[in-house]
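Just follow the structure's listing: the first ligand is 1, and inside any ligand the first atom is 1.
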Amino acid sequence: MTPTRIAVIGGSGIYEIDGLEDAKWVQVATPWGKPSDQILTGTLDGVEMAFLPRHGRGHVHTPTSVPYRANIDALKRIGCTDVISVSACGSFREEMAPGDFVIIDQFIDRTVNRDKTFFGPGCVAHVSVAHPTCPRLSDACETAARDAGINVHRGGTYLAMEGPQFSTLAESRMYRESWCADVIGMTNMPEAKLAREAELCYASVAMITDYDSWHPDHGEVDVTQIIATLTGNADKGRNLVARLPALLGAERAPCPHFCDRALEYAIMTSPEARDPDVVAKLDAVAGRMLG
Ligand SMILES: CSC[C@H]1O[C@H](OP(=O)(O)O)[C@H](O)[C@@H]1O
Ligand SMILES: Nc1ncnc2[nH]cnc12
């Protein structure tokens with residue numbers, strides 16, 4: 001058993017969480033630059049917590065400029081074991097209505113302008129992301145959502161687009177009808193891939209804010225409307241997060257889905273061929289395998 005530390009990455013409209021004991025904002029330096037913001041640390045029901053606002057307080061980062069590698073490295077570096085992403089998303093399904101939550105289990109990565117791996121020349125690794133989210137952590141999120149009285153859907157495919165513009169009507173229809181995506185957002189990729197490389201359990205909670213542009217009875221996507229929906233549902237998100245420590249516990253057994261051992265057979269570069277500078281940057285993310 002090892003100590004649990006639950007990280008919450010808050011998306012648009014979520015820039016802090018309340019109720020933490022011994023709460024303090026800490027700056028974490030990483031070899032990948034500065035994270036989006038300081039990290040709010042503390043405990044909740046006796047469990048270590050960490051909160052990072054993805055876009056920074058005041059919403060300074062675009063979906064493209066979010067320093068995804070620094071964020072995941074910083075969370076790993078301070079001992080986080082589980083990462084829960086909370087994100088605003090558009091819906092491609094009539095039944096996934098604004099105000100509902102979806103526990104995501106698949107992604108289609110359409111982002112093109114982001115650093116997607118910690119590895120590179122001098123230390124090459126290939127992890128599997130066939131199942132990019134952790135079922136154990138997703139179970140806890142689903143239970144927390146149901147107990148909080150949230151209308152929650154278990155399972156859904158998240159289309160990650162580059163943005164920052166919303167989709168055209170033709171794109172929206174294609175993602176929905178041909179690609180069978182369920183929700184759309186701009187940030188969960190490469191975040192989920194990097195969490196897997198860092199051997200962190202990752203779950204994604206999508207808060208539906210709109211119907212994107214495909215829906216004949218709803219207009220174009222509009223940020224004001226998105227923020228109004230988010231604000232109206234902020235209590236639900238807070239309630240869900242508050243229930244996680246009791247569900248996950250202060251001590252954790254190894255992940256039955258191997259998220260915390262994802263690098264076990266992934267590193268290809270032989271020890272004598274590894275670049276020491278590249279290896280040094282991987283101290284937090286892959287120290288278990290390279291140290
Ligand atoms: C404010 S609407 C578009 C913006 O909201 C979502 O951000 P996040 O996933 O961090 O909640 C979406 O991905 C876009 O970045
Ligand atoms: N329709 C949408 N498309 C992309 N990102 C979003 N975030 C919230 N709604 C969105």
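Side chains of Asp210 and His218: no donor on one and acceptor on the other come within 3.5 Å. Arg54 and Ser87 share a donor-acceptor pair across their side chains, judged by distance under 3.5 Å alone. In summary, the side chains of Thr64 and Asn113 do not present any donor paired with an acceptor at a separation below 3.5 Å, with no hydrogens or angles considered.
In terms of N/O distances under 3.5 Å, ligand 1 is approached by Ser87. By the 3.5 Å distance cut-off applied to N or O atoms, Ile227 is not counted among the residues near ligand 1. In terms of polar-atom proximity, defined here as any N/O pair under 3.5 Å, Asn188 makes no such contact with ligand 1.
Ring-plane geometry between His215 and Tyr211 is classed as tilted, the angle between the planes lying from 30 to 60 degrees on a 0 to 90 degree scale.
Remark: Asn71 CG to Ile9 CD1 distance equals 6.0 Å, nearest 0.5 Å.
Through direct or indirect side-chain contacts shorter than 4.5 Å among Ile, Leu, Val, Met, Phe, Trp and Tyr, Met268 is connected to Val124.
For atom 13 (O) of ligand 1, the nearest non-hydrogen atom from the set His59, His55, Met186 comes from Met186.
At the top of the distance list for atom 9 (O) of ligand 1, counting protein heavy atoms only, stands Thr187 OG1, 2.6 Å. In terms of protein heavy-atom proximity, atom 15 (O) of ligand 1 is nearest to Pro63 CG, 3.3 Å. The nearest heavy-atom contact from the protein to atom 2 (S) of ligand 1 is Ile226 CD1, 3.7 Å. Looking only at heavy atoms of the protein, atom 3 (C) of ligand 1 is closest to Phe166 CE2, 4.0 Å. Protein heavy atom at the shortest distance from atom 7 (O) of ligand 1 is Ser12 OG, 2.9 Å.
The cationic group of Arg57 lies under 6.0 Å from the six-membered ring centre of Trp25 and within 45° of the ring axis, placing it in a cation-pi geometry.
The two atoms that bring Leu44 and Ala242 nearest to each other are CD2-CA, 4.1 Å, heavy atoms only. For Arg261 against Pro254, the heavy-atom pair with the smallest separation is NH1-CB, 3.6 Å.
The distance from ligand 1 to the heavy atoms of Gly11 drops below 4.0 Å at these ligand atoms: 8 (P), 10 (O), 11 (O). Atoms of ligand 1 lying under 4.0 Å from at least one heavy atom of Gly185, given by number and element, are 13 (O).
Residues Ile150 and Leu240 have side chains in contact (heavy-atom distance under 4.5 Å, counting atoms from C-beta outward).
Other residues, nucleotides and ligands contribute only 12 or fewer heavy atoms inside 6.0 Å of the CZ atom of Arg173.
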Exercise answer, ligand 2 polar atom pairs (N/O) under 3.5 angstrom:
from	atom 1	to	atom 2	distance (Å)
ligand 2	1 (N)	Asp210	OD2	2.8
ligand 2	1 (N)	Asp212	OD1	2.8
ligand 2	7 (N)	Ala88	O	3.3
ligand 2	9 (N)	Gly90	N	3.3
ligand 2	9 (N)	Asp210	OD1	2.6

